[in-house]
Amino acid sequence: MEVKASILVIYTGGTIGMIKDPQTGALHPINMDLLYQSIPVLKNFNYKIDTFSFDPLLDSSNMKPDFWIKLAKIIEDNYENYDGFVVLHGTDTMSYTASVLSFMLENLNKPVILTGSQLPLGVVRTDGRDNIINAVEMAAAKDENTPLIPEVCICFENKLFRGNRTNKFNAENFEAFVSGNYPALAKVGVYIRYKNHLILKPNFKKLKVHYNLDSNVAILKLFPGISENIVKSILSIKGLKAVVMETYGSGNAPTEKWFIDTLKAAIDSGIIILNVTQCKSGSVEIGKYETSIDLGKIGVVGGYDITTESAIAKLMFLLGKNISYNEICSQLQISIRGELTNELLKNE
Ligand code: ASP
């Protein structure tokens, strides 16, 4: 019988690939080479499914740029040999990995679908089985001969999301991810319903992988009562190049003089400050309220509706590109991989 698609399943670690040792009761990793043994029904797809396991496997809380580089390299090395890629990954930092991969993989014309689970594959009620089956089917989906989803996505609990729009919002429900500012790209029921108009279009250019990531970034989350000392300490970290500042609502922050002066001094010294909202949905609109006017005046960059995860990933990617401060600031305000909606551009 003719093989309908070829998929590489890359197992990085995380709960999904675990099984309970009947003797000790402890969780240990499954041998992913035996994927068909764990989910025999996968054979019915008639796809060629190969597996690659990281060694050592990683709880995703230990995720870091070196690892993202390895992952991107595996995808690059195997890009021509497969129709799509499924990355099995711990849920804790899956949104960061999906975001950073979306920036690293320029001209991606094939699906890279991340999935994981809240319960290990080796547990009776596991959500991992369905998540893998859905992810594999989506990674193989084509329209004529062209992959249907040429982007980095997260497939979880019957939904497909653009990866750089997600955050993990639930530590125990099967529905662990949310995409507060962009609708699901597909929903799974009796059929898989793809929302083609929401999915990025292929550009048929050659894949270009960006391996330089600069992690001299920090997150400054505002809270009522945040002290001058704390803000100053963060902004004076040696080597710091950019800060994702999580503000209130539509990008609002204290108007106190010490606060604005501290941010201004950091910006004048070359630190990029990117304003993102603490809300799970909605956009930063600098100047909408009095409490954000000064931020705009001193050069804080508005991140629109980008998530914190995606903002961190985008900054690491842009800082790694060796481009000017001004160029980084302008790239931060436009969508380069579908990671934000710039209302001003939308209205043009
Ligand atoms: N701590 C695990 C991880 O992120 C949880 C999970 O796999 O969902 O790797």
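First listed ligand is number 1; within each ligand, the first listed atom is number 1. Throughout, residue positions are numbered sequentially from 1 according to the sequence presented.
Checked for salt-bridge contact, K159 and E175 meet the test: a charged N lies under 4.0 Å from a carboxylate O. Checked for salt-bridge contact, K4 and D83 miss the test: no charged N lies under 4.0 Å from a carboxylate O. Between E151 and R162 a salt bridge is recorded (basic side-chain N to carboxylate O distance below 4.0 Å).
Of the possible polar contacts, one joining the K110 side chain to the Y82 backbone as a donor-acceptor pair under 3.5 Å is found.
Taking distance alone, with nitrogen or oxygen atoms compared against 3.5 Å, H89 stays at or beyond that limit from ligand 1. Taking distance alone, with nitrogen or oxygen atoms compared against 3.5 Å, D92 approaches ligand 1 more closely than that limit.
With hydrogens left out, the protein atom closest to atom 6 (C) of ligand 1 is T15 OG1, 3.0 Å, a heavy atom. Of the protein's non-hydrogen atoms, T91 OG1, 2.4 Å is the one closest to atom 8 (O) of ligand 1.
Among A171, G128, S60, S61, the residue whose heavy atom lies nearest to atom 9 (O) of ligand 1 is S60.
Close contacts of ligand 1 with S117, meaning ligand atoms under 4.0 Å from a residue heavy atom, involve 8 (O). When each atom of ligand 1 is checked for a heavy atom of G14 under 4.0 Å away, the hits are 7 (O), 9 (O).
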Inset, instruction - Evaluate the criterion ring-ring contact (aromatic ring centres under 6.0 Å, His included) for residue pair F156 and F174; output intermediate values, then yes/no. - result: CA-CA 8 Å; F156 221 88; F174 287 160; 8.6 Å; no
Could you give the side-chain donor-acceptor pairs of residues 69-77 under 3.5 Å, partners two or more places apart or in another chain?
{"residue": "K73", "atom": "NZ", "partner": "D77", "partner atom": "OD1", "Å": "2.8"}
{"residue": "K73", "atom": "NZ", "partner": "D77", "partner atom": "OD2", "Å": "3.3"}
{"residue": "E76", "atom": "OE1", "partner": "Y211", "partner atom": "OH", "Å": "2.5"}

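Within the 4.0 Å heavy-atom cutoff, A176 does not count among the residues contacting ligand 1.
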